[in-house]
Amino acid sequence: MSRQFNMRSLILSTGTTIILPLLLLFSLFLLLRGHNEPGGGFIGGLVAAAAIALKLFADDYPSAKALLRVHPLQLVGIGLALAALSSLPSLLVGDNFFTAQWWTLPLPIFGDLKLSTPLIFDIGVFLGVIGTVLTVIFTLVEAEH
Amino acid sequence: MLNVVLSIFLLACIAPHLYRLLGKHTGLVLALLPATLFIYFASQLSAVSQGQPLLQSWPWFPGLGIQLSFMLDGLSLLFALLITGIGTFILCYAGQYLQGHPALGRFFLFLLSFMGAMLGLVLSDNLITLFVFWELTTVSSFMLIGFNHEDSESRQKAHQGLMVTVLGGLALMTGLIMLGMAAGSYQLSDVLQQDLTGHSLYLPMLILILLGAFTKSAQTPFHFWLPNAMAAPTPVSAYLHSATMVKAGVYLLARLQPSLGGSEVWLLTLSAVGALTMLTGIFLASRATGIKKVLAYSTVMALGTLTMLLGLGTEKAALAAVTFLLAHALYKGALFMIAGILDHEAGIKDFEKASGLRKLMPRTTLVAVVAALSLAGVIPLFGFVGKELLLEAVLSGSQWQLGLTAATVLANIFVVLVAALLAIKPWFGQALPTPKPAHDPGWQMLAGPAVLATLGLIFGLLPMLPDQYLLNAAATAVYGQPISGYLALWHGINLPLMLSLGSLVLGLLLFRFWQPWRKLTAVVETLSKAGPEAGYNKLMAALVSFAAWQTRVLQNGYLRNYLLTTMATVVLLVGWAMLRLEHFELNWQFSDVRVQEAVIFLVLLTTIISAVVLNSFLGVVALLGALGFAVALIYVFFSAVDVGITQVLVETITVLLLVLVLYRLPEFRRLSSTAHRARDALIAIASGTVITLLILLVTASRSMEGIAGYFLEKSVPEGYGRNVVNVILVDFRALDTLGEIFVLALVAIGVYAMVHLRTGAKPVTNADKRLTAEQKRQQSVKGEL
Amino acid sequence: MTTLMAILIGCLYAAAIYMMLRRSMVKLLIGLILLSNAANLLIFTVAGLERGVPPLIAKGAETVVGGSADPLAQALILTAIVIGFGVLAFAVVLLHRAYEVIRTDDMNEMKGTD
C-alpha cells in the first residue's frame, strides 16, 4: 500500500493544498446551515472526513495525521460526549429529558447569535462521524505498514 | 408475614458466615429463628381457629396485578407450624448429624432457603407469588438432594428430581395463569370464592395444575423420583420428603379444592391416582430393605392417601386429610430422624443387618417404637385417630366406596408390616455386630424425634387439642365451608375399628413372613425395568440425542446455511400469506415513468447483473460505486436531497475503503458447485420476487395516514428549523440519533482494537496450526455444502 | 414509478442474497452492500415516491405548502446509510484481519478457527 502512496501526483498534491481548506470550511458551512437547508452533522462530517482522506491520498499518511492533530478516536469520544451532554440542560430547566433548549446571545457586530442544544448535538454527530470514518481509514493504512 | 419469609432468606444468606464464626453450635443458633417463628404462628392459633384468616398485601408488580400478598388461614397455619416446628428440630439435628462436614455452611444456606420458600408457598395469597415460591422449593431441594455433589449418583438423582418437578412446574404455571384468567383475579382469596368447575377452561387448567401437583407430590407414575431423592443427607429427607416439600402438591390440591373440586373429573382422577399411588407406594415399601427407602416408599403411600381423600371432597374426607397429614408429619419426621440416628451412631442403613440394638440404644428404641406405633395406627396414638377418620371417610364416600375401602384396607395391612419392621426389626431379637459401636445420640439429635413422637401420643390421647385450635380451621379451608365433625379417640365399636383391627392382625402376620413375601414378589424387580423410571431414562436419552441432532443440523457454523434457512422460511410464510389474501391487488403501472428515471433503472439493472456475474474484484468495486451514485440520483429525483448527498459521500468513502483493503485479496474463485449455485439462485430469485410483490401490495393499499404530517407541522414552531429531516434527526428523534452515533463509536473502537490490540506474540503461527488441523478435518468431512 | 422501483428492489435483494450465499467472504461483503442499498430503497419506496417536493420549509413559512415527501422515512434512511457504512467498515477490517491471519477468504476454511 505504501508503494501506492509513493506514486504521488504533483497536480493532485497542489490541488489538494488549495482545495482542502475550502472543503473543510464547506463542511462547517454544511453543518451550521443544516437546520434550515440541506446539510447537517452527518453530511458535514462525511465531507470533512473525505477531505482529510483526500489529503492522505494526495500527500501521505503522516501529513494527513498531522492535519488532524488529535487521534480520530478522540474525536469520536468528544463527539459522543457533546451529543450526550446536550441532553442534560433540559433537565436543569425542568423539561423532559432531551427537550431542545434555545438561547439567544446578542453580539455587538453580527447581531443575535442563536445557540441551541440541537446545534451542540449536531456538532457531536459531526465529530463522531469524522472520527469514525478516519479511525477506520487510518487504522487500515497503519495496518499496511 | 413478608418479614417472616424475608427473615428466613436473610438468615440463609448469612448462615455460611455464621458457621465460620460459631462452628459446631451453628445449628442450634440458627434453630432459634424457626423456633421464634413457630411461637409467632402459634400465637395466631386462636384468631385463625375462630375463622379470621390473616391477610397482608404489598404491591409487587402493580401493573400486572401481581401482589406480594399473604394469607394465614387454617390450612396455611397447619403447614406453617409444621415447617417451622419440624424445621427447628431439623436444624438442631443437622448441626450434629453433619458435624465437621466441610460444606456445612452451604448446607444451612440451602436448608434455610428451602424453609423460606416453603413458608412463602403456603402463605401466598397470590397465584403468581405461589408459583415463584413453588419453583424456589424445587431449586433449593435440587441443591439439597445433590448436596454430595462430588458423587455422580447423587448428582444424577438430584437432576432427576429437578427434571420431574420442573416439568410439572411448567405445566403448573400455565395452569395457574389459566386459573387466574378464568377467575378474573390472581388473588387466591378471590379465586377461592368462585366455583370454576363449569368454566370452559376448567378441563385444561385442571389437567395442568394436577400435573404440577402430581409430579411434586410423587404420585404414580411420577413416584420414582422421591425414593431416589434419598441421596440427600438424612436431615433433608426427614424435612423435605416427609413433612414439607412433597406435601406442596397436596397443599395445592387442598388449597384449590373449594374452586376446582367437586366435579366428576376431579373425583375420578384424584381418587384413582391417589389409590393407585397408595398401593404402589406401600407395596414397594414392603419389598425394600434400606431403611430410608422403606420410609420413602411409605411416604409415597401417604401422599397417595392424601390425594385420594382430597378427591373424595366430602366433609369427612377434608377432616381426615388434615388429620392424617398432621399425624403423618409427626411420625414420619420422627422415623426419618431415627433412620439417620441408626446410620450415624451404628452405621446401619439396612433392615437386614439390624437387630437387637435395644440394649445399646435404649432411648432411641423407645422413641422409635412410639413413632412406629403411630404409623401402624395403634390406639391410643394420633395415627389411630387419623386412620379411623380415613376409613370412615372412605366408607361414607362416593360410588366407588367398595373399591377404595378395599384398597385402603389392603394398604393398611402393609403399613402395619412397615411399622412392625421399624418398631421391631432393628431393636429386638438377637444382637448383630454393627459397623460402628452403637450408642444413643446426643440430645440435639434425639430431641426432635422424641418431641414429635410424644406429640403423637398427646394428640392421640387428647384429640380435641389439635382439633379445636387447628385442624377444624384447616379442614374448613379445604372444604370451603365450616366443618361440623370433630376428632375423637374412641368412636365405639364400629366398622372402621373392625377393619383397623383386621389389618393390624394381617399386617403382623405378614411381618412374620416378611422374607418369604419378598421372595414371592421378586418378579417385580424384573418388571421395574420397564417401569416409569426406565421410561424417564429413555426419554432423557432421547432428548439429549435430539438436542445433539438439531444442533448439528441447525447450528452448523455456516452463515449461508442460516441465511438459506431464514430466507426459505420467509419466502414460504410470506408467500403462503399472500396466497391467502382476499384482495390481491397490485400497484402495477408504468405510465408515470419519466425518461431519466427509466435510464437510471436500466443502468442499475445492468450494474446489478454485472456485479453478480463479473469475475474481477476491482471491476465489481467500480460497479458498486456506480450503483451507489445511481441510487443517490433516485433519492434526489424523489425529493430526498439530504439522503442523496449522504449517499454520494458514503459511496465515495466506501469505494475508497474497498480499494484500500481488498486489492490484495485473491481474485474470485469458483468455490461452489453448479448445483449449489442453482439452489442459491432459486432461493435468491424467490426472495426477490416476494419482496417485489410485497412492495406492490403494500403501496397499492395504503390505508393509514403516516405520522409525517406531525413533523412537517411542528418543525418550524417547535424545532426552529426549516430542514425537517435535520430537525427530526437532532431534535424530535435525537435519542435515536444518539444511539446511532454510539454504534459508530463502537465501530471505531472495534476496528481500532482489531488491528492494534493483538493478543499473544505469535497469533499467526497459532492460527496456522489450528488452520492445518481444521483443513484436515475439512478434508475428512466431505459432502458438506 | 413505484412498480419499476419494486422490480428494481426485488432484483437488488435477489442479487444481495445470492452473493451472501457464496463461500467467498469478499462476495459476502458485496452482498452486504447490495443488501443495505436494497433495504434503504425499500423504506424509501414504501413511504411514497414524490417528485420535487423536498421536506424543506420556505423561509418565513410555518409549514410546507402543497404536500411534501415523507421526512421521517428520509431521516431514517439517512442514518441507515451511515450505520450501513459503519457495519461495512467493520466487516472490511474484519476480512482484512482474517485474511492476514489465515490466508484465505473461503468461509469453509475459516469455520472453526477463531
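Residue numbering restarts at 1 for every chain, and letters A, B, ... go by the order of the sequence lines.
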Using non-hydrogen atoms and a 4.5 Å limit, figure out which bit of [X] sits close to chain C: side chain, backbone, both or neither.
X: B:F637; value: backbone
X: B:L712; value: both
X: B:T689; value: neither
X: B:L649; value: neither
X: B:F732; value: neither
X: B:V698; value: side chain
X: B:I609; value: neither
X: B:L627; value: side chain

Quick check on the interface: out of [options], who has the most heavy-atom pairs with chain B under 4.5 Å?
options: C:M20, C:R51, C:Q74, C:R22; answer: C:R51
options: C:L88, C:L76, C:I7; answer: C:I7
options: C:G86, C:A47, C:P55; answer: C:P55
options: C:D70, C:T45, C:T2, C:L8; answer: C:L8
options: C:L42, C:L41, C:I33; answer: C:L41

task: Mind running side chain to side chain contact (heavy atoms under 4.5 Å, CB included) on B:R722 and B:V716 for me, showing each step along the way?
output: CA-CA 6 Å; B:R722 290 183 285 109; B:V716 169; 4.0 Å; yes

- request: I would like to know whether B:F617 and C:I30 meet side chain to side chain contact (heavy atoms under 4.5 Å, CB included); could you show each step before the answer?
  value: CA-CA 10 Å; B:F617 180 67; C:I30 293 166; 4.2 Å; yes

query: Are a donor atom and an acceptor atom from the side chains of B:Q647 and C:N37 found within less than 3.5 Å of each other?
result: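 Present: a donor and an acceptor within the cut-off.
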
